[in-house]
Amino acid sequence: MEIVLRPGTPADLDAVAALQDASPELSPWRRDSLARVLEGADDHYRLSVAVVGDSVAGFLLWQALPDGEVEILSLAVAERARRRGTAQALLRRLIDTNSGPFFLEVRVSNRAARALYAKLGFVEQGIRPAYYHRPVEDALLLRLA
């Protein structure tokens, strides 16, 4: 399975929205907000996609902050592409092309994501109580220096 990484484009909106809908652990972004990111309307937000075959198999939404920090906002992979290196490829590309440090929040219950982030060197920096909604759940704040 070859994974092709590239910046997201407006043509990816439906695929990204579908991935969000299929990932209940995410805090979804509104479709119009995703559209603005994909159109490049905001310099701080970026969306990268992983393409397998002829379809988007995953995406990574992140924000470059003025001081060089990078905040990972959302990461989702299609069920068919999970546990095949898709999320890791997206994250490694981000880490390799930015200086960081990198921050993110992850649901306490999301063991698969937590294991992936730990494998890449992210460490716990704290807890954000009741950070997530639907359902309400604490978030772990993770950092990679």
Side-chain angles (χ1 to χ4, degrees), residues 1-126 128 131-135 137 139-145:
M1 172 179 92
E2 180 186 5
I3 301 169
V4 176
L5 304 175
R6 64 169 173 76
T9 69
D12 298 319
L13 180 59
D14 288 340
V16 170
L19 283 171
Q20 272 197 149
D21 291 345
S23 303
E25 65 279 2
L26 292 182
S27 287
W29 278 52
R30 291 189 349 224
R31 189 178 176 94
D32 62 326
S33 296
L34 286 172
R36 281 195 302 277
V37 170
L38 290 167
E39 292 164 0
D42 188 328
D43 284 355
H44 297 291
Y45 296 100
R46 305 276 188 279
L47 194 139
S48 302
V49 296
V51 178
V52 175
D54 61 353
S55 64
V56 173
F59 75 86
L60 175 64
L61 178 62
W62 55 282
Q63 174 179 208
L65 300 171
D67 59 1
E69 291 181 0
V70 174
E71 181 180 13
I72 297 169
L73 302 168
S74 192
L75 172 64
V77 174
E79 185 72 36
R80 65 180 168 75
R82 290 184 183 163
R83 304 215 187 289
R84 296 179 182 211
T86 306
Q88 187 170 331
L90 284 161
L91 288 164
R92 285 203 185 278
R93 170 71 61 85
L94 178 67
I95 293 164
D96 291 346
T97 57
N98 292 275
S99 60
F102 302 86
F103 293 91
L104 64 93
E105 288 89 9
V106 63
R107 285 183 182 271
V108 171
S109 65
N110 193 340
R111 293 179 193 266
R114 289 174 57 189
L116 171 64
Y117 296 128
K119 180 179 179 179
L120 293 171
F122 283 83
V123 295
E124 293 181 24
Q125 295 291 294
R128 297 193 192 278
Y131 181 82
Y132 289 102
H133 304 282
R134 289 183 254 147
E137 185 174 355
L140 290 177
L141 175 61
L142 304 180
R143 181 178 191 266
L144 175 68

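This structure is a prediction, so every number in the text was calculated from the model and none was measured. Scope of the values below: all heavy atoms of this structure, side chains included, with no hydrogens, waters or symmetry mates.
- The heavy-atom pair separating A87 from L116 by the smallest distance is CB-CD2, 3.6 Å.
- Between atom CG of residue L60 and atom CG of residue L5 there is a gap of 9.5 Å, rounded to the nearest 0.5 Å.
- Smallest separation of non-hydrogen atoms from E39 and P10: CG-CG, 4.0 Å.
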Evaluate side-chain contact (heavy atoms from CB on, under 4.5 Å) for R6 paired with D12, printing each intermediate quantity in order.
CA-CA 11 Å; R6 64 169 173 76; D12 298 319; 2.7 Å; yes

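- Note that CD of E137 and OG of S27 are 10.0 Å apart. Values are rounded to the nearest 0.5 Å.
- D32 CG to L13 CG: the interatomic distance, rounded to the nearest 0.5 Å, is 9.5 Å.
- In plain terms, the two heavy atoms of A50 and T86 that are nearest each other are CB-CG2, 3.6 Å.
- Here the side chains of L91 and F102 are not in contact, with every heavy-atom distance at 4.5 Å or above.
- Using a 4.5 Å heavy-atom threshold, the side chains of S48 and R93 count as separate.
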Which is it for E124 and R114 under the side-chain contact (heavy atoms from CB on, under 4.5 Å) test, yes or no, and what are the steps along the way?
CA-CA 10 Å; E124 293 181 24; R114 289 174 57 189; 3.8 Å; yes

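- Using a 4.0 Å cut-off between a side-chain N of Lys or Arg and a carboxylate O of Asp or Glu, R82 and E79 qualify as a salt bridge.
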Between R84 and V52, does the side-chain contact (heavy atoms from CB on, under 4.5 Å) criterion hold? Intermediate values first, please.
CA-CA 11 Å; R84 296 179 182 211; V52 175; over 6 Å; no

Check step by step if side-chain contact (heavy atoms from CB on, under 4.5 Å) holds for L65 and F103.
CA-CA 11 Å; L65 300 171; F103 293 91; over 6 Å; no

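- The two residues A15 and V56 have their closest heavy-atom pair at CB-CB, 3.8 Å.
- To the nearest 0.5 Å, the span separating CG on L73 from CG on L104 amounts to 9.5 Å.
- A centroid separation of 6.0 Å or more is found between the aromatic rings of F59 and W29.
- No side-chain heavy atom of V106 sits under 4.5 Å from any side-chain heavy atom of F122.
- L120 places none of its side-chain heavy atoms less than 4.5 Å from the side chain of L144.
- Around atom CZ of R83, no more than 12 heavy atoms belonging to other residues, nucleotides or ligands sit under 6.0 Å away.
- Between L26 atom CG and Y132 atom OH the span is 8.5 Å, to the nearest 0.5 Å.
- No donor-acceptor pair closer than 3.5 Å links the side chain of E25 to the backbone N or O of N110.
- Residue D67 qualifies as enclosed at atom CG: its count of foreign heavy atoms under 6.0 Å is above 12.
- Here the closest non-hydrogen pair linking S55 and R80 is OG-NH2, 2.6 Å.
- The distance from atom CG of L19 to atom CG of D14, rounded to the nearest 0.5 Å, is 11.0 Å.
- The minimum heavy-atom distance between P101 and A145, with the atom names listed, is CB-CA, 4.2 Å.
- Side chain of R128 to backbone of E105: no donor-acceptor contact under 3.5 angstrom is found.
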